Amino acid sequence: MNKAEYEQSELYKLRHSAAHLMAQAVTELFPGVALAIGPPIENGFYYDIDFPEPLREEDLTKIEKKMRELSNLKQPIVRREAKDRADAEKIIREECSLGQPNGVVKYKLELLEDIPEGDPISFYEQQATDKQGNEHMFIDLCRGPHIPDTGTIKHFKLMSLAGAYWRGNVKNKQLTRIYGTAFETKEELELYLHNLEEAKKRDHRKLGRELGLFMFSDKVGPGLPLWLPKGAVLRDTLSDFLKSEQLHRGYEPVVTPNIASKRLYEKSGHILTYKEKMFPFMEDDEKETFILKPMNCPFHIEIYSSTLRSYRDLPVRYAEFGTVYRYEQSGELAGMLRVRGFTQDDAHLFVTPDQLLPEFKGVVDLMMTVLKKLGLDDYRVRVGTRDPDDTKYVGHQDNWDRSEKAILQACDELGLAYEISAGDAAFYGPKLDLIIKDALGREWQMGTVQVDYNLPERFELEYIGEDSKPHRPIMIHRAPFGSLERMIGLLTEQYAGAFPLWLSPVQVAILSIADRHVAYAKSIAEALCGFERDIHLEDEQVPFTPVEATDLGLRVTIDDSRQTLGKKIRETQRLKVPYMLIVGDKDAEAGTVGVRSREDGDLGAMTVPEFIKMVREKLNS
RNA sequence: GCCACUGUAGCUCAGCGGUAGAGCAGCUGUUUCGUAAACAGCAGGUCACCGGUUCAAAUCCGGUCAGUGGCUCCA
């Protein structure tokens, strides 16, 4: 079900009504609360409420109980339209307030003001009398639609509490948001909760620890990841893949430092626009102030402008896996998905106006190649354009028009499905972002391509054109992964830790059955990885024919611990190694290995060349 | 940064006013074993940190730090 279908569905109405039911329960339990807004959302609903006293998580059970009582009253939900604005205000003040002081409807009155002149103003009302003769009643300003009666709201659960600013603005009061979910059947609700539990098992933070990929340390600091050996192998493998792809596409590597003089970022304008995201400056009264870099672009620009450029030199494509540091708000850090020090697969392209479209297309093509290789097919493409009402953007109107047009044209010519999001442009230019969901359904911006007229202007970049006159190049910022940290975090969740063969930190684990098989295991490992391994052999070994070396360069481990085979298999499977090779007496004698695949289990005995052939095919497919 | 919640051994968790417990992992020994956990023993914790209440605090209260779910922002 897509978004539009969902918003038309019965489920959507059910959840909207569940939000109202929850609000009714809250107003009964906590008289004096001020209701703000309570819409259905992707997996449920929420209601933002201003509580005079802070709400505690344990109160949720109480609210749920009250909701069940109110649901059982089978209150009919009735739509009522106000005659005019004055009538609507009267209804809000006199009826929505439920006899409480008028402050409880202040948000509703604000919402009323936002309803455009001429639009119908509707309310939804529900009421009933319980067995004890107590009257229950609730009415809310609401566009609707709703389900006919509250008795249908049976399978729901309140999920969590959160603070949320009124109208999403930090300057406004923070309200208490209660998240809940509701389904049409008990089974659907249970399935949803079950899937949530399953998703937690795929969480990259859990898998990162279990698989030994990365860690955080209090002594190092929040948001500063430490890559463990296996994680570092993943990083290298991923980087090598992109570097080789970029080499074929005419990128040139550059390397720049991690800190720079404050003057560089004054020139770029980041001090003005980005200061609150930067780590504290390294100040020295007498000498220069230095800044830990939050972005790579100014460095690449300095390289560009270090020499006179001809139109014949363009496009210039400078690529760098550059580590940047951003002082993200503490509450925003999230495992590897948002950290304070991360490495961007960054590059900056300096192009002539004529080259903008083909180069942009080239970048998008590279991104598609990357997504395909990584097996990521569930993503959305967002083109961020200006918000016409906002004044934060720099640069000339016609440059913006031209670059927005170029982006859309590139997407159309590549047959890319995209959505336009006004207001999601960078302040210096429009951009195209790839957005991917994590295990818990949260969306993250991954790859990005951004058109920039601003920095070339600020740094007065030039190239000499065919007419022998200086011209200003256009910059394209781009990062197909986005960052290695976020990409690896996401990939870990996508694959639930079972990385494809080419990417797996350990590709083959050789399990010796008894001590006397270690020499044979070692000879196979050497053949597969292509270099000698230093393993001390003390016990007597079974005789075997040495296996011929390959240039495969596989990442191989040997488990020669004195454990039962079952134990070794279990442990190796836990580590999600794609292939296990089990070697015992029969194998040493026959020159075979017992192959066990991560996905398909025991594949039986193969000769070593047969296994190598299978792996080769798998790697090339 | 703000709101709510959490913080006990490497990991998963129990204990929730009377001075710390399990399973797995680790170590030692025995076992040398053919497709998802051999057996036995040992060791491991100023119960995140600081302060308070109490005869007594892992347990109650306050603060700090870190993590989790959200909000605002973003690769």
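Quick note: numbers below take in every heavy atom, side chains included, and nothing from hydrogens, waters or symmetry partners. We name chains A, B, ... by the order of the sequence lines, and we start the count at 1 in each one. Note that the structure is predicted; figures quoted are calculated from it, not measured.
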Any idea which of [options] is nearest the [X] side chain?
X: A/D585; options: B/C74, B/G34, B/C11; answer: B/G34
X: A/P222; options: B/G67, B/A36, B/C33; answer: B/G67
X: A/T448; options: B/A4, B/A36, B/A75; answer: B/A75
X: A/R177; options: B/C74, B/G70, B/G69; answer: B/G70
X: A/Q344; options: B/C5, B/C11, B/A75; answer: B/A75
X: A/I582; options: B/G70, B/C74, B/U35; answer: B/U35
X: A/R442; options: B/A36, B/A4, B/G70; answer: B/G70
X: A/R205; options: B/C71, B/G69, B/C33; answer: B/G69
X: A/K567; options: B/G69, B/C71, B/A38; answer: B/A38
X: A/Q573; options: B/A36, B/G70, B/C74; answer: B/A36

Rounding to the closest angstrom, what is the interatomic distance between [N] and [M] at atom [atom1]?
N: B/C39; M: B/U8; atom1: C1'; result: 30 Å
N: B/U19; M: B/C47; atom1: C1'; result: 12 Å
N: B/G17; M: B/A57; atom1: P; result: 14 Å

Quiz item: Using the rule for Phe, Tyr, His and the six-membered ring of Trp, do A/W444 and B/A75 stack at under 5.5 Å and under 30°?
Solution: no
Which part of the nucleic acid, if any, lies within reach of [X] when heavy atoms closer than 4.0 Å are counted: base, sugar-phosphate only, or nothing?
X: A/D218; answer: sugar-phosphate
X: A/V339; answer: base
X: A/G489; answer: nothing
X: A/K431; answer: sugar-phosphate
X: A/L511; answer: nothing

Quiz prompt | Inter-residue atom distance A/D345.CG - A/E320.CD, 0.5 Å rounding | solution = 11.5 Å
Please say whether the positively charged group of [X], taken as NZ for Lys or CZ for Arg, lies over the ring of [Y], i.e. under 6.0 angstrom from the six-membered ring centre and within 45 degrees of the axis.
X: A/R209; Y: A/F214; answer: no
X: A/R340; Y: A/Y325; answer: no
X: A/K275; Y: A/F281; answer: yes

Exercise. Quickly work out the A/L333 CG to B/C73 C1' distance and round it to whole Å.
Key: 12 Å
Quiz item: Can you tell me how far C1' of B/U68 sits from CE of A/M159, to the nearest Å?
Solution: 14 Å
Is the base of [N] touched by the side chain of [X] through a donor-acceptor pair closer than 3.5 angstrom?
X: A/R596; N: B/A36; result: yes
X: A/Q329; N: B/C73; result: no
X: A/Y165; N: B/G1; result: yes
X: A/S483; N: B/A75; result: yes
X: A/D587; N: B/G34; result: yes

Self-check item: B/C33 phosphate, OP1 or OP2, under 4.0 Å from A/R516 side-chain N/O
Solution: yes
Quiz prompt | A/F45-A/F156 aromatic ring centre distance below 6.0 Å | solution = no
Quiz item: Pick one: which of A/R205, A/K201, A/K206, A/K200 meets salt bridge (Lys or Arg N to Asp or Glu O under 4.0 Å) with A/D203?
Solution: A/R205
